[in-house]
Undergrad: 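Structure incoming, see below.
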There are 2 protein chains.
Amino acid sequence: MSNKNVFLKKYFLMTRSEENYLKTIFHLGGGDSNSITTNAIAEQMETKPSSVTDMAKKLSEKGLVDYVRYQGVSLTDAGVKTALSIIRKHRLWEVFLVQKLDFTWDEVHEVAEQLEHIKSEKLIDKIDELLDFPKYDPHGDPIPTKDGKFQERDKKLLSEMPINSQGVCVGVKDSSVPFLKFLDKNNIALGNSIKVVDKEDFDHSLHILMNGKELRISHQIASNLYVKKND
Amino acid sequence: MSNKNVFLKKYFLMTRSEENYLKTIFHLGGGDSNSITTNAIAEQMETKPSSVTDMAKKLSEKGLVDYVRYQGVSLTDAGVKTALSIIRKHRLWEVFLVQKLDFTWDEVHEVAEQLEHIKSEKLIDKIDELLDFPKYDPHGDPIPTKDGKFQERDKKLLSEMPINSQGVCVGVKDSSVPFLKFLDKNNIALGNSIKVVDKEDFDHSLHILMNGKELRISHQIASNLYVKKND
DNA sequence: ATCTATTTTTAGATTTGTCTAAATTTAATT
DNA sequence: AATTAAATTTAGACAAATCTAAAAATAGAT
Ligand SMILES: [Mn+2]
Ligand SMILES: [Mn+2]
Ligand SMILES: [Mn+2]
Ligand SMILES: [Mn+2]
């Protein structure tokens, strides 16, 4: 390989692994000069801390993270920007799979994990356009704009809503396949209206109206459902 | 990694590199017990013969190619099947990019080289359905069916058509970006009607009618355009 | 301030895919 | 049949990404 290409490779081309590390660090809160420990990253990625250390050095070399030995890593501005572009791709692909190909919301994540690494700016911009520039993915998570703007929704956990408050179900905290399938089975979907009728002190379970229908919800469920409160 | 997963990895999971080798061997005619030399594969893939030898051993180990030292490799039935599934994905993605995302036919190959490695049977079947089960890709190449059936079209090179014969432009032999852009610039597209008016003995150039309009075509162009002859 | 448990890093090994250079085999030519 | 040229393989190296085991640093508790 020519010298120029070695340079390009070292400083611009991201490997799939590097992209996954940046994404994970972002999800663990590594933006805003917030340090994340190698252990936390290793656990999240189901890898070993020593592997994380190696990658921390490489990403630091590339100017994507700040890394201080024994102190953990935080994303640089360039690192945040790259992480957001991967997350943007991931979430747009998830919307595409649901809206255009009839995937269910529990099927999309695994495929999006692959599609998010496809390198083509034109491709993702066209997908964005095809979907009419969606703001949220199938799990209610916000989709960063092309220039990396991030609009988190004003939402709170159902478990934290007071009695008699009303709102609309807008997202899930746990987006694991079993939880999503459980929600499907119980006809709980994003967009459903919610009113908290009563809360049980003993086990923190809730008595709610969902789309007008009475429902009992355990604390575990309620603490993994996001609701946008009506004014 | 558990023993079971090591087994799965070794015998079922294809790496991107392995998939690219199988595809290349197929394109070089390695089906039907036809042996392809390591040199030919290396040249096509812009890699070194020694690397091809290494991969030949690995693919042979997996039962995807027959490999005899110093004699080259041919695809086994399993190898052909795998190669066809990659080619199917490649061509379906190319159609998708052109039909759904307004890519031009010279832009799609590079992106399809990435997309063809996405692992999800449901994804490619749904893309196939979304496109209404296309039979040919944007360059006129046939798309293998889900069960690996391959229907090559009855076509011949424009350069081999006799004077006064007529037909429809259905494909390109050279699908390089410069050639495709050249065709665009000269309004030569798949689907155009073609009538050979005259052939020049001296330089083998052609005088044709394309969609009724007179055009002069060099031998180099004519020998890279496929035409389906009218009965 | 010292000890100790935990976290983190280092050192060295492994796998995959590649390369170069040397050795070997095959094919072509006398 | 012997020689030579070309094709192919082997041997050994390297980069990327990972691991295990051992060493080093940090943080918490006395
Ligand atoms: Mn996801
Ligand atoms: Mn999501
Ligand atoms: Mn192509
Ligand atoms: Mn094509």
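Remember, predicted model here, so these are calculated numbers, not experimental data. Just so we're on the same page: letters track the sequence lines, and every chain starts at 1.
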Undergrad: Of the nucleotides D/dA25, D/dT8, C/dC19, which has the atom closest to the B/Asp54 side chain?
TA: C/dC19
Undergrad: Between A/Arg69 and B/Asn39, which has a closest nucleotide on DNA chain D that is more 5'?
TA: B/Asn39
Undergrad: Quick one: A/Glu46 CD to D/dT18 P, roughly how many Å, whole number?
TA: 13 Å
Undergrad: Is any side-chain nitrogen or oxygen of B/Lys57 closer than 4.0 Å to OP1 or OP2 of D/dT9?
TA: no
Undergrad: Going by modelled atom types, is there a donor-acceptor pair between the base of D/dT18 and the side chain of A/Ser50 at under 3.5 Å?
TA: no
Undergrad: Using modelled atom types only, decide if a donor and an acceptor are shared between the side chain of A/Glu94 and the backbone of A/Ala112 within a distance under 3.5 Å.
TA: no
Undergrad: Roughly how many Å is it from CD1 in B/Ile41 to C1' in C/dT18, rounded to a whole number?
TA: 16 Å
Undergrad: Just the rounded figure in Å: distance from P of C/dT15 to CG of B/Leu13.
TA: 17 Å
Undergrad: Taking the cut-offs as 6.0 angstrom to the six-membered ring centre and 45 degrees off its axis, would you call A/Arg153 and A/Tyr226 a cation-pi pair?
TA: no
Undergrad: Can a side chain N or O of B/Thr38 be found less than 4.0 Å away from OP1 or OP2 on D/dT9?
TA: yes
Undergrad: Rounded to whole Å, please give me the gap between CE in A/Met55 and P in D/dC19.
TA: 11 Å
Undergrad: Examine the side chains of B/His117 and B/Glu19 and answer whether a donor and an acceptor come within less than 3.5 Å of each other.
TA: yes
Undergrad: In this structure, how many angstroms lie between the P atom of D/dC19 and the CE atom of A/Met45, rounded?
TA: 10 Å
Undergrad: Check A/Asp147 with A/Arg88, please: is the shortest side-chain N to carboxylate O separation under 4.0 Å?
TA: no
Undergrad: May I ask you to verify if any side-chain N or O of A/Tyr67 is less than 4.0 angstrom from the OP1 or OP2 atom of C/dT8?
TA: no
Undergrad: What's the CD-C1' distance between B/Glu61 and C/dT16, to the nearest Å?
TA: 15 Å
Undergrad: Could you state the atom-to-atom distance from CG of B/Leu59 to C1' of C/dT16 in whole Å?
TA: 13 Å
Undergrad: Looking at A/Tyr70, does any N or O in its side chain come under 4.0 Å of the phosphate oxygens OP1/OP2 on C/dT10?
TA: no
Undergrad: I want to confirm an ordering. Mapping A/Thr47 and A/Gln71 to their closest nucleotides on DNA chain D, which one lands closer to the 5' end?
TA: A/Thr47
Undergrad: Across the strands shown, which category fits B/Ser51 at heavy-atom distances under 4.0 angstrom: base, sugar-phosphate, nothing?
TA: base
Undergrad: For B/Arg16 and C/dT15, give me the distance from atom CZ to atom C1', rounded to whole Å.
TA: 18 Å
Undergrad: Of all heavy-atom pairs between B/Val65 and B/Leu75, which one has the smallest distance, and what is that distance?
TA: CG1-CD2, 3.9 Å
Undergrad: By nearest atom, which of the nucleotides D/dT8, D/dT20, C/dT9 is closest to the A/Lys48 side chain?
TA: D/dT20
